[in-house]
**Q** 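Handing you this structure, nothing more for now.
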Amino acid sequence: MTDSSVAERVIRVFSEFKKVPREDVKMDTTFADLGLDSLDGLNLIFELEEEFNVMIPDEKVESMKSVSEVVDGIQWLLDHPEEQPGVGPKAPTAQPAE
Amino acid sequence: MRKVVITGLGVVSAIGNNAAEFWTSLSDGRTGIGQIAKTDVTGLRFQNAGEVKGFDASAHFDEKALLWLDPFAQFGIVAAREAIADSGIEFSDDLKEMSGVITGSCLGGKTTEDEQFRQLYGEKRQRYPPTIIPRAMANAVASHVSMEFGLSGPTFTTSTACSSANHAIGQAFWLIRQGALDAAVAGGSEAPLCFGNLKAWEAMRVVSPDTCRPFSKDRSGMVLGEGAAMFVLETAESAIERGAKIYAEIAGFGMSADAHHLTMPLSTGAAKAMRSALADGDIAPESIGYINAHGTATQANDAMESTAIRQVFGERTPGIYVSSTKSMHGHTLGAAGAIEAAATVLGMKNGTLPPNANFNEHDPECDLNIIANAAVDAKVEAAISNSFAFGGLNAVLAFRQFSN
């Protein structure tokens with residue numbers, strides 16, 4: 001996977017999330033530029049996790065405030081899959097606690 | 001107007017399964033936050049919670065009763081029984097007619113639903129037992145307690161996320177004050193530590209991977225907890241007449257909505273609820289000596305709450321002790337207001353204010369007189385306990401030392 005394809009996919013997720021043309025989303029576009037508040041930002045991070053099938057740790061989220069920072073962060077996670085938190089047990093087996 | 005007092009209390013929490021144990025832990029500043037044991041949390045971004053330990057449900061309920069009780073109901077009923085026994089109240093036939101049960105819960109029987117949905121979708125289970133609906137309903141505690149003690153007055157459940165219990169206790173207080181009830185069992189309970197719900201909290205990115213450090217500069221988010229607290233409320237007149245011990249007077253109750261944002265709290269909304277509680281009880285701000293803060297240990301809440309407290313108390317703020325006991329029992333959501341009201345009135349009665357555990361470093365954004373890590377001996381005249389919910393719904397209770 002090349003840098004440009006990650007960037008293209010990130011830009012597509014941003015543009016679909018905000019329902020704006022792709023050309024309006026540049027590498028230096030920030031969450032704030034798009035008028036995203038904290039909850040919108042959280043939701044966008046979730047869409048990015050879905051797109052790339054990654055789990056983005058909380059401390060990484062804090063350093064993702066623009067398209068380029070998101071691209072860098074996701075590229076890093078794709079290169080370091082061992083740094084992703086696991087996806088957890090498929091299902092707990094215990095009965096409801098009595 | 002009738003005065004309303006607390007004559008009994010019961011607690012189930014991560015730091016004690018009755019009020020006495022709870023108080024010992026609180027006054028020692030001992031935290032109950034640790035690795036979650038009741039469900040497999042492998043891979044979850046956080047591993048810690050304020051879990052109730054050593055709670056033997058079969059010691060409190062027979063096998064048949066347990067079929068119908070989610071853990072949140074077990075906690076609530078056990079706390080209600082303790083509160084009623086503690087108060088020594090005798091429910092005569094007349095008093096039963098004028099007594100109600102008002103409880104708070106954010107999630108109701110989520111643990112039951114989580115497990116059943118797993119079996120339904122995951123294991124393609126074909127049939128359900130008929131116990132699910134009654135176990136899952138959020139009003140289960142109010143209903144069970146009313147049935148067990150025959151209390152037939154106004155009885156219901158409030159669900160306002162993290163303010164649920166304060167809203168419940170406030171309603172009970174007002175109904176007694178205005179004469180619609182003579183006595184009430186009120187409080188909150190919650191059992192949020194099932195995997196589906198933990199996973200949902202993980203997605204909010206507000207849960208600390210470490211522990212709960214309210215108002216500390218290095219705070220890293222909230223930590224969930226489970227448990228319940230319940231109170232017996234009655235008129236001062238009836239409490240005096242029967243020679244009951246009185247923990248404190250519930251003197252005021254205030255509510256507000258931020259009308260702003262789902263998850264970003266607004267200091268003006270919180271301040272409005274605090275001012276309303278003081279005005280409701282005709283309480284002079286200078287009589288407030290302690291605030292049991294909402295203090296979730298998220299960046300947003302603690303800075304906002306500090307600003308709100310300054311808006312209300314101004315230059316008197318440094319003279320008011322503040323702690324968030326969530327640092328010890330965790331954030332118990334719909335039970336939080338009740339457990340924290342218990343911490344507040346026990347502190348007032350014992351002349352010892354519970355600390356804010358896990359406090360490392362003063363934060364200029366939280367410029368309050370925090371009771372850092374160790375309890376302080378102080379007899380305060382009055383105190384408030386804050387609850388602020390996601391969705392901007394605020395509820396504040398004010399307590400006063402009772403004097404006839």
Side-chain angles (χ1 to χ4, degrees), chain A residues 10 13-14 16-18 30-66 69-70 72-74 76-78 80-98, chain B residues 38-46 51-52 55-58 60-61 63 65-67 69-72 74-75 109-119 121-123 131-132 135-136 191 193-196 198-199 202-209 220-221 226 261-264 299-300 390:
Chain A
V10 167
V13 171
F14 269 73
E16 286 174 2
F17 184 83
K18 264 308 280 185
T30 65
F31 285 34
D33 293 339
L34 293 170
L36 301 177
D37 74 5
S38 61
L39 207 51
D40 295 330
L42 213 54
N43 231 346
L44 176 54
I45 294 288
F46 166 71
E47 296 292 346
L48 290 160
E49 286 184 325
E50 290 277 274
E51 169 67 23
F52 291 94
N53 193 27
V54 293
M55 293 278 282
I56 306 177
D58 291 344
E59 62 274 14
K60 277 271 164 211
V61 169
E62 283 158 27
S63 65
M64 292 183 176
K65 301 292 178 204
S66 69
E69 286 169 0
V70 167
D72 290 349
I74 287 182
W76 188 87
L77 281 169
L78 293 173
H80 300 82
E82 73 283 1
E83 296 294 328
Q84 289 178 44
V87 291
K90 284 183 182 65
T93 49
Q95 292 293 311
E98 301 292 10
Chain B
K38 64 180 44 168
T39 189
D40 182 357
V41 289
T42 309
L44 211 61
R45 283 202 297 271
F46 60 89
E51 205 167 27
V52 169
F55 179 83
D56 178 11
S58 65
H60 299 284
F61 305 99
E63 208 177 318
L66 274 177
L67 282 176
L69 297 172
D70 182 88
F72 101 99
Q74 298 169 20
F75 296 154
K110 182 80 88 188
T111 302
T112 295
E113 288 182 331
D114 191 47
E115 172 60 18
Q116 295 304 321
F117 290 157
R118 185 186 69 75
Q119 292 179 15
Y121 300 119
E123 297 176 359
T131 52
I132 311 305
R135 281 175 72 114
L193 306 182
C194 56
F195 190 74
L198 296 173
K199 201 69 191 156
E202 180 185 61
M204 292 307 295
R205 298 186 186 274
V206 291
V207 180
S208 172
S220 51
E226 62 179 350
H261 190 273
L262 272 176
T263 57
M264 287 304 289
Q299 288 298 331
F390 269 178

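Within every chain, numbering begins at 1; the chains are lettered A, B, ... in the order of the sequence lines, protein sequences first and strands thereafter. Model, not experiment: these values are computed from the prediction.
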**Q** Measure the CZ-CG distance between Arg205(B) and Leu39(A) for me, rounded to the nearest 0.5 Å.
**A** 12.5 Å

**Q** Would you give the length of the straight line joining atom CD of Glu202(B) to atom CE of Met55(A), rounded to the nearest 0.5 angstrom?
**A** 4.5 Å

**Q** Quick check on Ala203(B) against chain A: is it the side chain, the backbone, both or neither that has a heavy atom closer than 4.5 Å?
**A** backbone

**Q** Return the minimal non-hydrogen interatomic distance between Asp58(A) and Val207(B), and the atom names on each side.
**A** OD2-O, 4.1 Å

**Q** By side chain to side chain contact (heavy atoms under 4.5 Å, CB included), which residues pair with Val13(A), not counting sequence neighbours?
**A** Leu44(A), Glu47(A), Leu48(A), Glu51(A)

**Q** Flag the pair Met264(B) / Asp37(A) as yes when at least one side-chain heavy-atom distance between them is below 4.5 Å, and no otherwise.
**A** no

**Q** So, taking the atom named CZ in Arg45(B) and the one named CD1 in Ile56(A), what distance separates them when rounded to the nearest 0.5 Å?
**A** 9.0 Å

**Q** Between Glu59(A) and Pro209(B), is there a side-chain heavy-atom distance shorter than 4.5 Å?
**A** no

**Q** I'd like to check the ring-ring contact (aromatic ring centres under 6.0 Å, His included) partners of His60(B); sequence neighbours left out, ordered by chain and number.
**A** Phe55(B)

